[in-house]
Amino acid sequence: MDLFKESLNRYRLRRTGEMQVDGLVFINEHLLPLVKRDKSLEQLCAAASLPGVVGHVCGMPDIHEGFGLPIGGVMATAEGGVISAGAVGMDINCGVRLLNTNIQAKEVPIPVLRKLLQKIEEYVPTGIGKKSKHRDMDGKIFESVIYQGAGSLIERGCGWSDDLKNTEEKGFLSGASLEAVSRKACERGKEQLGTLGGGNHFIEVQIVEEVYSRVEGDLFGLLPGMLAVMIHTGSRGFGHQICTDYSRSLLGAAKRHGIDLPNRGLACAPVDSKEGRDYYAAMACAVNYAFANRQMITHDVRRAFGDVFGCPPETLGLKLVYDVAHNIAKWEKHNGKKILVHRKGATRALPPGHPQNPPSYIETGHPVLVPGSMGTASYVLTGTEKATESFYSANHGAGRKMSRKSAIKEISRDQFESSMMGVLYNSRNYKELLDEAPVAYKDIDQVVETLVAIGMVRKIARLRPLGVIKGKD
DNA sequence: ATGTAC
């Protein structure tokens, strides 16, 4: 593997062997050794060998090994190129949304915060395999969610009209078709709308700890000392099943279309083939489902705030700052060409003035939401014109540095508890949260500063967790 | 990430 430093925090993986394009890795000296311990750079090289890949295959500073494309990877293909399920990820449209509030954190004593977390948990089922409490949301409503995304729920009173304009793609991707989705996936999906899930998914009550740029902070409704709520979840068992189904069928498709796969995780088919079109249609279903899932949880979080503070939720602010997808493939125009950008553990980060920004954020660029690990800070960023090489993408979080298995084995109780000082969390048994312990993740400040130093993103605000809800069994 | 199994 031929990796060399080209400029500050920017490394080139030069084309060798089957690679069609170079790779670019945005990383600093502190993070690079962590990345070299796993197979993520090899996985970038493998992705660079797929037919029709264009530009550079990119690695973000939070990159780590995944199934197919590494998490923290961006791969774009041209019309006539391929689409790959493993380059989107298991959790299709895993993403983050942020709500602001007009509540001063210092006015909320710990017992009230605890009550708030309990009330949210009462409304939002958390953990693997959990089912929706919105039993009225199955059947017909499932179908409208699949085709209309978050808007379908807002029409039904589970949200405010402004929510949609502050959601990436207005909460819906066109081209969805349930005909491309297995019955099994639908059965799983129907039962899980409005559930959090497990793993790195969370709902956090945060304090706006620092605002770096007043103009954007004011525009996003993020003022120092105020409470905010961050929601991190995706398409649950629905998207997972779709990825599982297509990872298999795309293997056969690749073979039929004469594509020599570097590994099974990158199973793919030409975008204009039957299999490629079907995967896109199924992925769009899961994208819309995930936007709706975050919308439903938003609705439940607002209800919980209203209950605990004893007033209508809209009097507490609770406006949707933004909602971004972290795992998605989308047709976008770059340099005048229509390309299919696969982002897996990467966030779109449009620069100011870009027409795809919502009108209210056109002057600044939309908020880029980057969650830290449980117990550590999250960031709100904006994109810049310098991120053209990554197709206007930024990192999606801190990124793991330990596997779940080794985290459970190696992290002590003392280490866990000291890393969670000052943060409420919903478990008495620290062991069930060990795989998500802050020490299992890279340093979020290092990760964010890597891109800030290059000028690919700007810091707007830093949010510190006060209370976190994680999924557990 | 995930009813951690075809």
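Order of the sequence lines sets the chain letters (A, B, ...), proteins ahead of strands, with each chain counted from 1. Only a predicted model underlies this, so the values are computations on that prediction, with no experimental measurement involved.
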For a quick check of understanding: with a heavy-atom distance under 4.0 Å over all strands, which category does [X] fall into, base, sugar-phosphate or nothing?
X        : value
A:Arg248 : sugar-phosphate
A:Gly197 : sugar-phosphate
A:Gly234 : nothing
A:Glu187 : nothing

Starting at atom [atom1] of [X], determine the distance to atom [atom2] of [N], rounded to an integer number of angstrom.
X        : N     : atom1 : atom2 : value
A:Asp435 : B:dT4 : CG    : C1'   : 13 Å
A:Glu432 : B:dT4 : CD    : C1'   : 17 Å
A:Lys405 : B:dT2 : NZ    : P     : 20 Å
A:Asp91  : B:dT2 : CG    : P     : 6 Å
A:Asn327 : B:dT2 : CG    : P     : 11 Å
A:Tyr246 : B:dT2 : OH    : C1'   : 19 Å
A:Gln241 : B:dT2 : CD    : P     : 13 Å

*Option from A:Leu222, A:Val324, A:Asp323 for which side chain to side chain contact (heavy atoms under 4.5 Å, CB included) with A:Leu98 holds*: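 Running side chain to side chain contact (heavy atoms under 4.5 Å, CB included) over A:Leu222, A:Val324, A:Asp323 with A:Leu98 returns exactly one hit, A:Leu222.
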*So, A:Glu436 and A:Arg400, do they make that salt bridge, N to O below 4.0 Å?*
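Salt bridge between A:Glu436 and A:Arg400, a charged N being under 4.0 Å from a carboxylate O: yes.
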*May I ask you to decide if A:Leu24's main-chain N or O and A:Arg10's side chain share a donor-acceptor pair within less than 3.5 Å?*
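Absent.
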*Evaluate the side chain to side chain contact (heavy atoms under 4.5 Å, CB included) criterion for residues A:Tyr280 and A:Val271: first the C-alpha distance (whole Å), next the side-chain angles of each, then the deciding distance (0.1 Å), finally the verdict.*
CA-CA 8 Å; A:Tyr280 187 89; A:Val271 285; over 6 Å; no
